[in-house]
2 protein chains.
Amino acid sequence: MRLTSFTDFGLRMLMRMAADPSRAISTAELAEALCLSRNHLAKIIQHLARAGLIETRRGGGGGAVLARPAAEIRLGQVIRLLEEGQPLVECFGADGGACSIDTRCRLKARLRSAEAAFLMDLDRSTLADIALPPLPKNLVVSQ
Amino acid sequence: MRLTSFTDFGLRMLMRMAADPSRAISTAELAEALCLSRNHLAKIIQHLARAGLIETRRGGGGGAVLARPAAEIRLGQVIRLLEEGQPLVECFGADGGACSIDTRCRLKARLRSAEAAFLMDLDRSTLADIALPPLPKNLVVSQ
DNA sequence: TTGAATAGGTATTTACAATACCCATTAGCA
DNA sequence: TGCTAATGGGTATTGTAAATACCTATTCAA
């Protein structure tokens with residue numbers, strides 16, 4: 001069972017934004033903080049923005065801000081979003097009709113149930129619960 | 001969130017064995033039934049056998065049989081086994097110590113909890129619950 | 001003792017996540 | 001009204017690990 005690094009990084013970005021919700025953070029700043037390419041990170045930002053989780057502003061002084069209070073953003077929601085289009089097993093995918101077992105398969109329902117349990121458990125927490133405590137300015141983060 | 005095809009096929013193989021638990025099924029037969037390469041499938045068999053879930057016998061008339069009654073094999077158990085060594089996120093892996101957030105990370109615990117919820121939900125079912133009903137001999141499975 | 005089957009290592013292929021690059025667009029500011 | 005800083009978004013490339021294939025040794029039954 002594996003989440004994509006897309007999701008992994010998305011979560012870390014949100015954790016950082018939640019630590020200082022009033023400030024707009026640029027992709028460049030986030031990329032440096034997470035030791036990640038700015039371009040890749042920008043893709044995740046765009047995805048989150050399109051989903052309405054964050055708001056972005058272009059131009060000087062621009063960047064990304066949480067669209068809602070961190071306490072109103074549930075973790076399950078975030079992961080559902082970032083993992084969307086990633087099927088748990090092949091036959092859950094868009095074209096997953098080639099299964100020879102098909103209708104007689106009693107496994108599918110149980111996998112779906114377990115997936116729901118996974119997400120529901122995460123929904124018990126919000127972004128506010130995992131926000132990064134802001135670092136003291138003089139503390140250097142070792143890479 | 002994704003399971004490997006290794007796990008996917010492993011489950012399907014077990015479903016089939018559970019449908020006819022007294023019979024030893026050869027890898028060749030299973031491979032044909034699942035439209036899968038015999039070699040690849042053999043790897044999964046070996047893994048399951050080493051874990052004690054099934055027993056294999058070489059020589060003529062050999063094959064694989066469930067080592068325990070299907071009703072005693074829980075699905076969570078199977079998936080834990082087949083997915084072993086597959087970390088949910090990078091920092092859960094063996095060398096996942098390079099995280100800049102590290103000790104201040106309050107996400108890890110929640111992910112672990114959700115993963116446990118996923119497996120516990122699956123543990124509510126056993127192999128017997130998802131055993132394939134045996135196909136009538138005259139019915140051809142379309143590929 | 002022969003043939004059918006698993007055991008298991010190694011090599012190869014392939015798919016896709018991850019990354020990099022480029023240019024358009026937008027907004028603030030002097 | 002330019003200039004600069006920032007995102008938007010497409011496309012191309014790379015890298016890695018899963019998936020597959022192949023080969024040979026070993027084991028067992030008849």
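Every heavy atom of this structure was used, including side-chain atoms; hydrogens, water molecules and symmetry mates were not. For clarity, every value in this text was computed on a predicted model and none was experimentally measured.
For the pair A/Leu48 CG and D/dG9 C1', the computed distance is 16 Å after rounding to whole Å. Distance B/Ile44 CD1 to C/dT6 P: 14 Å, rounded to the nearest Å. If you take CG of A/Leu41 and P of C/dA20, they are 12 Å apart, rounded to a whole angstrom. The separation between A/Gln46 atom CD and D/dA6 atom P is 16 Å, rounded to whole Å. Per the geometry, CZ belonging to B/Arg50 stands 8 Å off C1' belonging to C/dG8, to the nearest Å. Regarding A/Ile45, its CD1 atom lies at a distance of 16 Å from the P atom of C/dT19, rounded to whole Å. Note: CG (A/Leu30) to C1' (D/dA6) measures 13 Å, nearest angstrom. As a whole-Å value, the separation of A/His47 NE2 from D/dG8 C1' is 15 Å.
In this structure, A/Asp121 does not pair ionically with B/Arg112, as no charged nitrogen and carboxylate oxygen lie closer than 4.0 Å. Classification of A/Arg23 and A/Glu29 as a salt-bridged pair holds, one side-chain N sitting under 4.0 Å from a carboxylate O. Under a 4.0 Å N-O distance rule, the pair A/Arg110/B/Asp123 does not qualify as a salt bridge.
Side-chain contact of B/Arg38 with B/Thr27: a donor-acceptor pair under 3.5 Å is present, judged by distance alone.
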Walk along nucleotides 13-19 of chain D from 5' to 3' and tag each nucleotide B, S or - by protein heavy-atom contact under 4.0 Å, base first, then sugar-phosphate. -----SS
From CA spacing to verdict: side chain to side chain contact (heavy atoms under 4.5 Å, CB included), B/Thr56, B/Leu48: CA-CA 10 Å; B/Thr56 59; B/Leu48 290 171; over 6 Å; no
Take B/Cys105 and A/Met15 through the test side chain to side chain contact (heavy atoms under 4.5 Å, CB included) and record every step on the way to the result. CA-CA 9 Å; B/Cys105 179; A/Met15 285 166 79; 4.0 Å; yes
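At a threshold of 4.5 Å between side-chain heavy atoms, the hydrophobic network of Ile, Leu, Val, Met, Phe, Trp and Tyr places B/Val65 and B/Leu127 in two separate groups.
Counting heavy atoms of neighbouring residues, nucleotides and ligands inside a 6.0 Å radius, atom CZ of B/Arg80 exceeds 12 of them.
In terms of phosphate contacts, A/Thr27 brings a side-chain nitrogen or oxygen within less than 4.0 Å of OP1 or OP2 of D/dT7. The side chain of B/Arg38 places an N or O atom within less than 4.0 Å of a non-bridging phosphate oxygen (OP1 or OP2) of C/dT6. Contact annotation: A/Thr56 side-chain N/O to D/dG8 OP1/OP2 distance is under 4.0 Å. The shortest distance between the side-chain N/O atoms of A/Ser37 and the OP1/OP2 oxygens of C/dA20 is below 4.0 Å.
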Can you tabulate the close N/O pairs, meaning under 3.5 Å, that link protein atoms to atoms of nucleotides 27-30 of chain D?
unit_1	atom_1	unit_2	atom_2	d
D/dT27	O4'	B/Arg58	NH1	2.6

Below 3.5 Å between N/O atoms, which protein atoms pair up with nucleotides 9-12 of chain C? Just atom names and distances, please.
unit_1	atom_1	unit_2	atom_2	d
C/dG9	N7	B/Lys43	NZ	3.4
C/dG9	O6	B/Lys43	NZ	2.6
C/dT10	O4	B/Lys43	NZ	3.4

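The shortest side-chain heavy-atom distance between B/Leu11 and B/Ile79 falls under the 4.5 Å cut-off. Between A/Leu53 and A/Leu66, every side-chain heavy-atom pair lies at or beyond the 4.5 Å cut-off. Between B/Glu72 and B/Thr126 there is no side-chain heavy-atom pair separated by less than 4.5 Å.
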